[in-house]
Structure formats: C-alpha cells, structure tokens
Amino acid sequence: MVEPSPSLGIVLVTAGSEAEADRLAHHLVEARLAACVNVFPVHSVYRWQDEVQSEPEWQLIIKTDLSQFEALSQAIAEHHSYEVPEVIALPIVAGLPAYLSWLQAQV
C-alpha cells in the first residue's frame, strides 16, 4: 500500500437543509477547495445554548487537501447559515493510490 500525501484529509460539516448542503458542496468543488463532497441526511442530537436539540441535518463529507484548510473553513463560514458551523478535519491515513492521486489533482 502506498501512503497518501500527509496533507490529504476529510472535513466534516453539517448543514440545516439539503439545499444549503448542496450549495456548499457545489461552491467548494467549483472553487477547487474540495475534490468531492458526499451529502446525506442525518439526525443530530446536540447541546446548543444550554438546551439539548434533536433535529435533522445534512452531513457533508469533504475530501480535500488539508493544506487548504484555512481557505476551506473560511469559505464554509462565509456561506453557512449556522452561527457556529461544524468544521472538523481528519487526516487520510491510507487509501487506494489511484484515488488519492485523483483527489490531490482536483484541489
């Protein structure tokens, strides 16, 4: 197995609606801040302003080069409706070499 570039990673973001998630995904890919974004419905339970919330959200799994994390997180903050959006980065520790090469070439 070939080790991926140390800068490749996944960024997790949730959005309040499918339309917002789709807008964010398209913006990030078009701006070459993401190679691919998967979007799917989730149900989230979380604490916000001292109250437990339980509601549907849309999860974005963003494949990117984490060396662009600053620009990526800024773009998310600028285009997101949440006061404090989830933006969490995770490194990719292994993967199919051809896929990782494709990912790197897209961002």
Side-chain angles (χ1 to χ4, degrees):
M1 180 179 351
V2 175
E3 293 296 315
S5 163
S7 64
L8 294 180
I10 302 291
V11 175
L12 301 176
V13 174
T14 52
S17 71
E18 183 177 12
E20 179 178 33
D22 193 53
R23 272 194 315 277
L24 284 166
H26 276 86
H27 176 74
L28 297 173
V29 172
E30 288 169 0
R32 298 188 79 83
L33 293 171
C36 175
V37 180
N38 302 114
V39 178
F40 57 94
V42 296
H43 185 86
S44 298
V45 178
Y46 58 95
R47 182 174 300 280
W48 179 248
Q49 298 178 341
D50 284 334
E51 291 187 24
V52 175
Q53 308 290 324
S54 178
E55 59 191 22
E57 291 187 293
W58 290 82
Q59 181 72 59
L60 289 80
I61 299 177
I62 303 163
K63 283 78 135 203
T64 190
D65 184 330
L66 294 177
S67 68
Q68 296 191 58
F69 182 78
E70 189 70 32
L72 176 76
S73 61
Q74 183 177 352
I76 292 165
E78 288 174 4
H79 294 91
H80 206 292
S81 65
Y82 289 0
E83 184 179 332
V84 181
E86 171 193 36
V87 182
I88 300 171
L90 306 168
I92 294 175
V93 297
L96 183 69
Y99 180 82
L100 298 177
S101 293
W102 170 82
L103 191 162
Q104 190 133 30
Q106 302 313 304
V107 291

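As the structure is a computational prediction, the values presented were derived from the model and not from experiment. Because only heavy atoms are used, hydrogens play no part in the values below, and waters and symmetry mates are left out as well, while side chains stay in.
Looking at Tyr46 and Glu86, their side chains never bring a donor and an acceptor atom within 3.5 Å of each other. When only modelled atom types and interatomic distance are considered, Glu78 and Gln74 share a side-chain donor-acceptor pair under 3.5 Å.
No donor-acceptor pair closer than 3.5 Å links the side chain of His80 to the backbone N or O of Glu20. For the pair Ser7 (side chain) and Asp65 (backbone), a donor-acceptor distance under 3.5 Å is absent.
The number of heavy atoms from other shown groups lying within 6.0 Å of CD (Glu55) is above 12. Heavy atoms from other residues, nucleotides or ligands lying under 6.0 Å from CD of Gln53 number more than 12. Open room surrounds CD on Glu51; 12 or fewer heavy atoms of other groups in view lie less than 6.0 Å from it.
With rounding to the nearest 0.5 Å, the separation of CG in Leu8 from NZ in Lys63 is 12.5 Å. Remark: Trp102 CH2 to Leu96 CG distance equals 12.0 Å, nearest 0.5 Å. Atom-to-atom distance recorded for Trp58:CH2 and Asp22:CG is 9.5 Å, nearest 0.5 angstrom.
Glu57 places none of its side-chain heavy atoms less than 4.5 Å from the side chain of His43.
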>> Using side-chain contact (heavy atoms from CB on, under 4.5 Å), reason through Leu12 and Ile61 one step at a time and then give a plain yes or no.
In response: CA-CA 5 Å; Leu12 301 176; Ile61 299 177; 4.0 Å; yes
